[in-house]
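Reading through the structure tokens given below for one structure.
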Amino acid sequence: MTAPTNPPHTTSANGEHLHAPVIDWFEDNARDLPWRHPDAGPWGVMVSEFMLQQTPVTRVLPVYEQWLARWPRPADLAQDAPGEAVRAWGRLGYPRRALRLHGAATAITERHGGDVPTDHAQLLALPGIGEYTAAAVASFAYGQRHAVLDTNVRRVFARAVTGVQYPPNATTAAERKLARALLPPDEQTAARWAAASMELGALVCTAKNETCHRCPISAQCAWNLAGKPDHEGPARRAQTYAGTDRQVRGKLLAVLREAAPGTPVPQSALDRVWHEPVQRARALDGLVSDGLVEPLPDALYQLPATRT
DNA sequence: CAGGCGTGGCA
DNA sequence: TTGCCAAGCCT
């Protein structure tokens, strides 16, 4: 008994047995995404993170390329009207992200000399950047050691470590604690681990139709070893869309996006997108109060031209 | 902290 | 066809 083998209940405490296989797998299987290129820079990483919030990679790719070509630095975006950001956002969805990205670019220009801040707390203070995005930018763009806990990583941890099919609906303190505990001590390794564990969740350990035979840690996965039991408990509440204000907002904004810059749209054109006047008015009011639409005299509307 | 917030692809 | 899902944030 000279070799100090770990007691079984502590072998996964720090995740050492997971780091190397997942990172090695990542070396061979990472997608070649533009924001992973060195020339993308922190701004490219940040733009990609905004766009990837709840939106699939395939839809982000073309918009990302156009965005970076048009606004290669934060100051370039800050100089333009917020409505131009909303217009360029296209059909990515959740257009308030475009407004917040514009606001973040403005703050970076005014407060950080035009450079994406390196500090997690300063990133977190920017509009549209929450716990996940702050950690992602700090880790992916600057190689720092942070727990990057997105839906992919949460699912990987739920299965590999906790042994359940799906993580809780909302991120828990226990998950954050686990993510920190699993973080490799070395900064550079931690950054690789963050990207690798996320990619594993995106490509192999997916929500549906996971492909465990391609997983580098299937032999150590608690969920797999338990026979992949089905999720217990209430299903995630399905998000409805048809007939909601969200759908009406989307239709209204689509009309305004398609109008040429500097060409306001008459209310009558907006009225055609939805038959029910009360909901239509409520949706338009919501867009205005969100700053996504700017009302003008004479019942005209446009994407926001004034910087705030 | 539960709910609001877009959009499109796929099974 | 309908339901589910996709690198969250904000209030």
Side-chain angles (χ1 to χ4, degrees), chain A residues 26 30-31 33-36 40 44-64 86 89-101 103-104 123-141 146-157 165-173 175 179 194-203 205-210 231 234-257 273 279 282-283 285-287 289-293:
Chain A
F26 184 62
R31 289 168 292 180
L33 301 171
W35 44 87
R36 288 178 175 163
V45 171
M46 183 174 143
V47 169
S48 78
E49 290 302 334
F50 269 76
M51 293 182 173
L52 288 164
Q53 290 167 3
Q54 303 282 278
T55 303
V57 166
T58 52
R59 286 175 45 209
V60 164
L61 284 169
V63 181
Y64 170 87
V86 175
W89 198 253
R91 306 189 67 82
L92 285 183
Y94 293 139
R96 292 188 293 192
R97 292 181 292 166
L99 226 42
R100 290 169 183 157
L101 181 51
L123 287 165
L124 197 56
L126 297 172
I129 294 192
E131 187 60 39
Y132 160 76
T133 303
V137 172
S139 181
F140 302 157
H146 292 282
V148 181
L149 199 56
D150 79 322
T151 188
N152 290 305
V153 175
R154 294 180 62 217
R155 189 173 54 248
V156 169
F157 290 176
Q165 188 178 22
Y166 296 121
N169 284 333
T171 306
T172 62
E175 286 182 275
S197 54
M198 191 178 312
E199 189 80 336
L200 185 64
L203 297 184
C205 193
T206 47
K208 292 190 305 184
N209 302 319
E210 69 280 356
H231 176 71
R236 206 184 296 194
R237 197 180 63 81
Q239 57 172 359
T240 54
Y241 181 65
T244 61
D245 286 7
R246 296 163 74 173
Q247 185 183 22
V248 183
R249 287 166 57 107
K251 287 177 176 293
L252 290 170
L253 209 56
V255 172
L256 292 162
R257 272 199 314 263
V273 309
Q279 186 178 27
R282 185 174 65 232
D285 282 351
L287 289 171
S289 60
D290 284 348
L292 283 164
V293 172

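Each chain gets a letter, A, B and so on, in the order the sequences are listed, and its residues count up from 1.
As judged by a 4.0 angstrom heavy-atom cut-off over every strand, A:Trp89 is placed among residues making no nucleic acid contact. Within the nucleic acid shown, A:Ala136 has no heavy atom closer than 4.0 Å to any nucleic acid atom. When heavy atoms are screened at a 4.0 angstrom cut-off, A:Thr133 is found touching the sugar-phosphate backbone but no base atom.
The separation between A:Met51 atom CE and C:dC9 atom C1' is 16 Å, rounded to whole Å. Rounded to an integer number of Å, the gap from A:Phe50 CZ to C:dG8 P is 13 Å. Separating the CG atom of A:Asp150 from the C1' atom of C:dC5 is a distance of 14 Å, rounded to the nearest angstrom. With rounding to whole Å, A:Arg155 atom CZ is found 15 Å from C:dG8 atom C1'. Between A:Tyr64 atom OH and C:dA7 atom P the separation is 18 Å, expressed in whole Å. When rounded to the nearest whole Å, the span between OH of A:Tyr132 and C1' of C:dC10 equals 18 Å. Atom P of nucleotide C:dG8 and atom CG of A:Leu52 are separated by 8 Å, given to the nearest angstrom. In this structure, A:Asp285 places its CG atom 18 Å from P of B:dG4, rounding to the nearest Å.
Looking only at side-chain heavy atoms (C-beta outward), A:Met51 and A:Arg59 stay at 4.5 Å or farther from each other. A:Val153 is not listed as a side-chain neighbour of A:Tyr132, based on a closest heavy-atom distance of 4.5 Å or more. The closest side-chain heavy-atom distance from A:Asn152 to A:Leu200 is not below 4.5 Å.
Within the 3.5 Å criterion, the main-chain N or O of A:Leu92 finds a donor-acceptor partner in the side chain of A:Thr55.
A donor atom on one side chain and an acceptor atom on the other are not found under 3.5 Å apart for A:Arg100 and A:Tyr94. A:Thr206 and A:Arg155 are not linked by any side-chain donor-acceptor pair at a separation below 3.5 angstrom, with hydrogens and angles left out of the test.
On the C1' atoms, C:dC5 is 14 Å away from B:dG6, given to the nearest whole Å. Across C:dA7 and B:dG4, the matching P atoms stand 23 Å from one another, rounded to whole Å.
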*asked:* What does the B/S/- profile of nucleotides 6-11 of chain B look like, 5' to 3', with a 4.0 Å heavy-atom cutoff to protein?
replied: BBS---
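Judged by closest nucleotide on DNA chain C, A:Trp35 is the one of A:Leu124 and A:Trp35 placed further toward the 5' end. The residue among A:Glu199 and A:Arg100 whose nearest nucleotide of DNA chain C is located toward the 5' end is A:Glu199.
Distance check: A:Leu101 CG to A:Arg96 CZ gives 15.0 Å after rounding to the nearest 0.5 Å.
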